[in-house]
Asker: 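Here's a structure for you.
Just follow the structure's listing: the first ligand is 1, and inside any ligand the first atom is 1.
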Amino acid sequence: MNNISQLIFLLGGTGAVAEKLKIKPSAISNWKKLNKIPNNKREAVLKLSTHLDLDIDNFLTSNKEHDAKIKILLIICGGIASYKSLEIIRLIRKTDIELDVVLTKSAQKFITPLLVTSLNEKKCYTDLFSVEDETKMNHIKLARKPDIILVAPTTANVMAKLACGLADDLASTILLASFSKIILAPSMNPVMWNNSATRENYKKLLDRGIEFIEPDKGEMACGEEGIGRFPDPKLIFDYILSYINKNQTLNNQLKGISILVTAGPTIENIDPIRFMSNQSSGKQGFEIASELTRRGAKVTLITGPVNIPYPNCENIIRVKTAKEMLDNVNKQLPADILICSAAVADWKLIPKTSSNKKIDMNKKIKKNNDNLLFETIKNPDILETIANSTLRPKIVIGFSAETNNLKKNAYYKLVSKNIDLIIANDVSNAKVFGEDFNEVLLIDKFNCEKWEKQSKKSVAFHLANKINNLLINYNQRDIDA
Ligand code: C5P
């Protein structure tokens, strides 16, 4: 995420900033793309950010070349292996990667800030409450700057702090305040590593998308044997390089592909106060929009009203009703791919009296309307409409939330709506709405895959892989034809 994207994200997202500044969301998308805010809008952006404790100049005076470099923050915790991380610093310093280093208090018992500063030829950070550091490079800036935070060695203590969300020193505060990829390289006594508390923390962190470079098996400095040894620093360095390479490939995977994603619920007003809607949080759709953006796609997210932060993507359009959603999807066509993850309200409710007279929906309906009735009017099915239109995107993907006969109902939708892929989930216990996890079936005309329970982020990651494969097959079909 570049500086301006981060700033827009912190200010509430593209849609919210566009609305507050009364400009088009596409203008904000351009700022994010160019990583630059035009001079005549800086004042307005400054005003929007007054309530945030940010060094706004740092965001506004971004330097593109500088931003193009991969940035790593190495956090060294206090363990017997701390000294081995000096070799990681040496190896990273031979590359083009920009490196900052934080030492925990315990790490300073093994290696000194002076040693790290000499090796990295740069200030080494140690203190959350340093007046000098806070003015020049505060902990939030340190947390936001890197693409990757490598914690090596990671102690059981820091794993536990991160799992619980504790922030009582510089390292743990940075870890909590960061959007970056976090990679942990734990090293500890084998009994500590196998302790059920550490095992639970490990699992929790994995579920949150934190990556581990597993410790080695062997003889420990304390004389005991087992799993817990710090891996060879060169292996850790190679792991980080391969992560960067893999990501750079992924980042361009969907370059040039335009994707429309619908997300969240839609709402239908009954009167100026009441409305009909559903429990969709928008989380799954937002994760999908975010992952596809990360892979280089030009994503337009069309979302109903939600209470979660907007993702970083090219364009965000906020709508309320099913009709507004359909109109906006239509406006954005043609596109290569349509993903309908929105839970669109299937009906509008028209209030009527028992004698079938319409009630004015522009005024609050009074309680003395004893026999209030509702006529239902079916909303347009966006997915079906677009999938059968002349501007049908190459790939159309839908969602299916069911309380019974999941597979059968989802398959029926796939065929009847003429779509390529459907992601189905069982919502009979309503444990999906608003949660961070999802358990889905992925159904196309020939296959049904079960994806075990995983984070919505992970579902988005795997769906992006699937989309990439579908595009490859699609293009191959084009060549063969
Ligand atoms: O038929 P059902 O509403 O269950 O289908 C769910 C799928 O259809 C979802 O992908 C949802 O986004 C889409 N849908 C739609 N327009 C509607 C209703 C559902 O696009 N009015």
Side-chain angles (χ1 to χ4, degrees), residues 259-269 275-289 292 299-306 316-333 335 337-350 376-389 391-393 395-428 430 432-434 438-445 448 451 456 459-460 463 466-467 470:
I259 306 183
L260 301 182
V261 180
T262 72
T266 62
I267 64 174
E268 301 296 340
N269 277 359
F275 62 82
M276 184 181 76
S277 186
N278 57 67
Q279 299 191 56
S280 168
S281 65
K283 276 187 182 172
Q284 185 62 77
F286 279 29
E287 289 293 358
I288 291 169
L292 296 171
V299 176
T300 294
L301 173 68
I302 303 169
T303 173
V306 292
I316 297 179
I317 300 170
R318 303 197 302 170
V319 298
K320 275 190 180 163
T321 65
K323 174 154 186 328
E324 280 169 30
M325 190 171 264
L326 175 61
D327 289 348
N328 277 285
V329 171
N330 267 320
K331 268 190 216 153
Q332 296 300 320
L333 292 172
I337 300 174
L338 170 68
I339 303 173
C340 283
S341 72
V344 185
D346 289 315
W347 303 277
K348 270 198 279 285
L349 295 184
I350 310 295
T376 53
I377 299 189
K378 231 175 167 203
N379 270 329
D381 190 304
I382 302 166
L383 181 60
E384 191 172 357
T385 308
I386 307 293
N388 292 292
S389 74
L391 283 177
R392 184 193 199 277
I395 298 171
V396 177
I397 300 175
F399 276 68
S400 177
E402 297 291 340
T403 50
N404 49 301
N405 294 332
L406 179 63
K407 199 165 155 185
K408 199 170 143 214
N409 284 333
Y411 189 75
Y412 176 76
K413 269 179 221 174
L414 178 91
V415 176
S416 65
K417 296 193 188 196
N418 180 31
I419 58 181
D420 303 288
L421 191 64
I422 200 145
I423 296 145
N425 54 5
D426 180 349
V427 291
S428 52
V432 173
F433 302 113
N438 215 346
E439 192 179 334
V440 300
L441 295 180
L442 209 82
I443 302 173
D444 65 18
K445 284 187 191 105
C448 173
W451 287 5
K456 288 183 176 171
V459 169
L463 180 63
K466 193 91 196 170
I467 288 172
L470 283 174

Asker: Mind checking whether Lys417 has an N or O less than 3.5 Å away from an N or O of ligand 1?
Answerer: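 Between Lys417 and ligand 1 (N or O atoms, distance only) the closest approach is under 3.5 Å.
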Asker: Could you tell me whether ligand 1 has any atom less than 4.0 Å away from a heavy atom of Pro380?
Answerer: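 Pro380 counts as a contact of ligand 1 under the 4.0 Å cut-off.
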Asker: Is the closest heavy atom of Met325 to ligand 1 under 4.0 Å?
Answerer: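 Judged by the 4.0 Å heavy-atom criterion, Met325 does not count as contacting ligand 1.
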Asker: Ignoring hydrogens and geometry, is there a side-chain-to-backbone donor-acceptor pair from Glu324 to Lys320 under 3.5 Å?
Answerer: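 Yes, because the side chain of Glu324 sits within donor-acceptor range (under 3.5 Å) of the backbone of Lys320.
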Asker: Between ligand 1 and Val344, is the shortest N or O to N or O distance under 3.5 Å?
Answerer: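 N/O-N/O distance under 3.5 Å: no.
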Asker: Quick test of your reading of the model: are Asp327 and Lys323 salt-bridged, counting only N-O distances below 4.0 Å?
Answerer: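 Between Lys323 and Asp327 there is a salt bridge, with a charged N closer than 4.0 Å to a carboxylate O.
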Asker: Heavy-atom contact under 4.0 Å between Ala342 and ligand 1?
Answerer: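 The answer is yes: ligand 1 sits under 4.0 Å from a heavy atom of Ala342.
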Asker: Let's go through Glu268 and Asn379 carefully: what are the C-alpha distance in whole Å and the side-chain angles of both, what is the deciding distance for side-chain hydrogen bond (donor to acceptor under 3.5 Å, both in side chains) to 0.1 Å, and is it a yes or a no?
Answerer: CA-CA 10 Å; Glu268 301 296 340; Asn379 270 329; 3.0 Å; yes
Asker: Got the closest protein heavy atom to atom 16 (N) of ligand 1, with its distance?
Answerer: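 It is Ile382 N, 2.9 Å.
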Asker: Who are the side chain to side chain donor-acceptor pair (under 3.5 Å) partners of Arg392, not counting sequence neighbours?
Answerer: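 Arg392 satisfies side chain to side chain donor-acceptor pair (under 3.5 Å) with Asp420 once adjacent residues are dropped.
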Asker: Within less than 4.0 angstrom of ligand 1, does Asp346 place any heavy atom?
Answerer: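 It does, in that a heavy atom of Asp346 comes within the 4.0 Å cut-off of ligand 1.
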Asker: Would you check the N or O atoms of Asn379, main chain and side chain alike, for any that come under 3.5 Å of an N or O of ligand 1?
Answerer: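 Such a contact does not occur with ligand 1.
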Asker: Tell me, which protein residue and heavy-atom name are nearest atom 6 (C) of ligand 1, and how many Å apart are they?
Answerer: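 Answer for atom 6 (C) of ligand 1: Phe399 O, 3.0 Å.
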Asker: Taking the basic N atoms (NZ, or NE/NH1/NH2) and the acidic carboxylate oxygens, is any pair closer than 4.0 Å for Asp381 and Lys417?
Answerer: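 Yes, Asp381 and Lys417 are salt-bridged.
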Asker: Tell me whether Gly398 has any N or O atom under 3.5 angstrom from an N or O of ligand 1.
Answerer: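 No: no nitrogen or oxygen of Gly398 is under 3.5 Å from one in ligand 1.
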Asker: Ser280 vs Asn278, test: side-chain hydrogen bond (donor to acceptor under 3.5 Å, both in side chains). Steps then yes/no.
Answerer: CA-CA 6 Å; Ser280 168; Asn278 57 67; 4.5 Å; no
